[in-house]
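See structure below.
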Amino acid sequence: MDKLAIIGGRPLYGRLPISGAKNSALKVMVACLLTDEPLTLTNVPDLADIRQLTALLAQHGVEISRDGNTLTLHAASISSTLAPYDLVRKMRASFNVLGPLLAREGEARVSLPGGCAIGARPVDLHLKAFEALGASIELDEGYVIAKAKGGFRGAKVTFPFVSVGATEHTIMAATLADGETVLDNAAREPEIVDLANCLIAMGANIKGAGTQTITINGVDKLGGTQHMVLPDRIETGSYAMAIGITGGELTLENARADLLGAAISTLIECGIEITETENGLRVKKNGGRIKGADVVTQPYPGFPTDLQAQFMALMATADGSSTIKETIFENRFMHVPELGRMGADIHVDGQVASVRGKPKLKGAQVMATDLRASMSLVLAGLGAEGQTMISRLYHLDRGFEHLEEKLQNVGALVERVRNQN
Ligand code: EPZ
């Protein structure tokens, strides 16, 4: 299996383009099932997760073509309403085909996604929302068998806690419902606004995306459109933290400060200088060590769980101590022992990790455990003394487009070593 070899200690300088957001692209791609006209998406990153979803959509009868970062998806007709276990288990976002299939075809059989490394990740909120919209749901042999003959009916749905996936999924389902759907305690992530904007361009009637109350008035039909996926805020935050670790100055092209929520003030508080430029963000560290800061992961606009692991790598070499509390997923500290192998001083007690910063980490052989954890090891390796060798790269390939090329172009010593045992 491939490994990533990193020789640490080089400051990064230059321009680094930020790709389209994986977690937005995956949702807008699914929206193609809601119309028989072509949906063209630009700024779609070339990632393993995107290819995985492409395979599932093709299996439902969607014709798909890719030209660079432009993807055209045409679901002229749906050839199958079955989403099999093998395709759904590899990537949880695949579960979000359920709502659109039900809205368009009145029935679907979709595998339950199952747990994953960072937690159990149930889909009960999705299913309760669909029941509220009039669907009948049965669970059989690991599959959701759902029916909504005659389509969904508008309803009021109050989520007991904030869920990004359930909010997005219910918005899509409600676009073709009969009447008005009101979602309360909805997630406010920028990816939800991006999905709503795409659906609105397709003819949907959605108000309030980006706030905690979203109102969707069902329409009879959606049509095709062209939509540009918004830039990846998690990739942006990760490379900004890289500068905090290595020093130097990067221009993160296409990055948007307004998408970063609480992460931006935390990074500034730590001593990373961030300024907006005409088409991106300039990120800089002015000598000295980064200062320790405390964070609690929260739904947007709070500090994102998807940056927690990377922030821990930053804190591992900060001047002072910090506490990092993970409130979204129950098992998202698997990077801690790996960072420990590099010399990081981290103690976990339940949901809280306490980090005592050290001037330097030391390169080591480490193992990626999930997507964002992999990036924390890359960041730690970029700042460490000597060589870091990261195994299980398939996690990284799920969500960071052209990682080695982007880092090499700004001066990092990073190389993919093929087929290492
Ligand atoms: C999305 O996952 C992202 N994935 C995650 O990114 C991200 O970490 C997460 O939102 C939070 O921001 C995609 O967009 C593809 P949730 P999602 O529903 O939608 C619980 C990455 O690295 N829950 O907001 O699955 C759930 O278990 C990934 O790119 C239920 O209990 O997250 C979790 O504890 C990882 N029942 C919490 O809610 C439900 O029905 C929030 O999950 C749904 C969720």
Side-chain angles (χ1 to χ4, degrees), residues 19-30 45 47-50 52-53 56 88 90-99 110 112-132 137 139 144 157-172 183 185-195 212 229-230 232-238 259-263 297-310 326-332 334-335 351 368-376 394-401:
S19 301
K22 166 188 80 95
N23 286 349
S24 190
L26 290 172
K27 318 308 166 60
V28 289
M29 281 169 71
V30 171
L47 295 169
D49 274 10
I50 301 288
Q52 190 64 41
L53 182 61
L56 177 65
V88 178
K90 290 192 190 134
M91 214 257 305
R92 293 181 51 86
S94 307
F95 185 70
N96 279 18
V97 298
L98 175 64
V110 175
L112 283 164
C116 74
I118 60 175
R121 303 184 75 183
V123 287
D124 52 325
L125 264 51
H126 302 230
L127 300 182
K128 279 190 191 124
F130 293 160
E131 280 176 338
I137 309 268
L139 300 183
V144 175
V157 177
T158 302
F159 294 112
F161 52 89
V162 172
S163 161
V164 176
T167 301
E168 290 163 336
H169 207 173
T170 315
I171 292 175
M172 281 197 278
L183 308 184
N185 202 21
R188 291 180 280 164
E189 270 64 6
E191 292 75 23
I192 287 168
V193 179
D194 203 34
L195 172 65
Q212 58 187 15
V229 174
L230 92 177
D232 196 313
R233 64 195 166 99
I234 304 303
E235 193 192 23
T236 303
S238 303
L259 304 179
L260 286 171
T297 63
Q298 298 281 1
Y300 191 83
F303 190 92
T305 174
D306 288 350
L307 281 176
Q308 178 259 106
Q310 299 91 312
E326 172 58 56
T327 71
I328 310 289
F329 292 109
E330 65 273 22
N331 191 28
R332 213 173 193 184
M334 283 168 305
H335 40 286
Q351 290 179 290
T369 49
D370 71 71
L371 167 59
R372 310 305 176 185
S374 321
M375 192 56 167
S376 83
Y394 49 86
H395 289 296
L396 210 53
D397 294 338
R398 291 186 50 196
F400 288 94
E401 193 186 32

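First listed ligand is number 1; within each ligand, the first listed atom is number 1.
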Specify the protein heavy atom at minimum distance from atom 15 (C) of ligand 1: its residue, its atom name, and the distance to 0.1 Å. Asn23 OD1, 3.3 Å
Looking at side-chain heavy atoms only, is the closest gap between Pro45 and Asp232 below 4.5 Å? no
Minimum-distance protein heavy atom relative to atom 11 (C) of ligand 1: Thr305 CG2, 3.8 Å
Could you list which atoms of ligand 1 come closer than 4.0 Å to a heavy atom of Val123? 39 (C), 40 (O)
Answer yes when Lys27 and Glu168 have at least one side-chain N-carboxylate O distance shorter than 4.0 Å, and no when they do not. yes
So, the side chain of Asp194 versus the backbone of Leu230: is there a donor-acceptor pair under 3.5 Å, distance only? yes
Among Ala129, Gly165, Pro122, the residue with a heavy atom nearest to atom 44 (C) of ligand 1 is Pro122
Over all atoms of both residues, closest heavy-atom pair of Pro113 and Phe95: CD-CD1, 3.7 Å
In Val229, Asp306, Leu371, Ile234, the residue satisfying side chain to side chain contact (heavy atoms under 4.5 Å, CB included) with Lys22 is Leu371
Has ligand 1 got any nitrogen or oxygen that is less than 3.5 angstrom from a nitrogen or oxygen of Ile328? yes
Which atoms of ligand 1 sit under 4.0 Å from any heavy atom of His126? 40 (O)
Starting from atom 18 (O) of ligand 1, what is the nearest protein heavy atom, named by residue and atom, and what distance separates them? Ser163 OG, 2.6 Å
Quick one: which ligand 1 atoms are inside 4.0 Å of a heavy atom on Arg332? 8 (O), 22 (O), 35 (C)
Heavy-atom contact check, 4.0 Å cutoff: does Tyr300 meet ligand 1? no
Identity of the nearest option to atom 31 (O) of ligand 1, non-hydrogen atoms only, from Phe329, Phe159, Phe161: Phe161
Can you name the atoms of ligand 1, numbered from 1 with element, that are less than 4.0 Å from a heavy atom of Lys22? 21 (C), 29 (O)
What is the nearest protein non-hydrogen atom to atom 1 (C) of ligand 1, stated with its residue, atom name and distance? Val164 CB, 4.1 Å
Of all protein heavy atoms, the one nearest atom 5 (C) of ligand 1 is Asp306 OD2, 3.7 Å
I'd like to know if Lys27 contacts ligand 1, where contact means a heavy-atom distance under 4.0 Å to any ligand atom. yes
Could you pull out all residues at least two apart from Ala166 that satisfy side-chain contact (heavy atoms from CB on, under 4.5 Å)? Leu125, His126, Phe159, Ser163
Within the 3.5 Å criterion, strictly below it, is a donor on Gln351 or Thr327 matched to an acceptor on the partner's side chain? no
Distance-minimising heavy-atom pair for Phe303 and Ala263: CD1-CA, 3.9 Å
Residue Leu125 vicinity, atoms of ligand 1 by number, heavy atom under 4.0 Å: 39 (C), 40 (O)
When every non-hydrogen atom of Arg233 is compared with those of Tyr300, the smallest separation belongs to NH1-CD1, 3.9 Å
Can you report which non-hydrogen protein atom sits closest to atom 22 (O) of ligand 1, along with the distance? Arg372 NE, 2.9 Å
Counting both backbone and side chain atoms, is some N or O of Asp124 under 3.5 Å from an N or O of ligand 1? yes
side-chain contact (heavy atoms from CB on, under 4.5 Å) partners of Ser374, counting only residues at least two apart: Ala368, His395, Leu396
Between the main-chain N or O of Ala187 and the side-chain N or O of Thr167, is there a donor-acceptor pair closer than 3.5 Å? yes
Looking only at distance, does Glu330 have an N or O less than 3.5 Å from an N or O of ligand 1? no
Smallest separation among heavy atoms of Thr170 and Leu183, with atom names: CG2-CD2, 3.6 Å
Could you identify the single nearest non-hydrogen protein atom to atom 25 (O) of ligand 1 and state the distance to 0.1 Å? Arg121 NH2, 2.9 Å
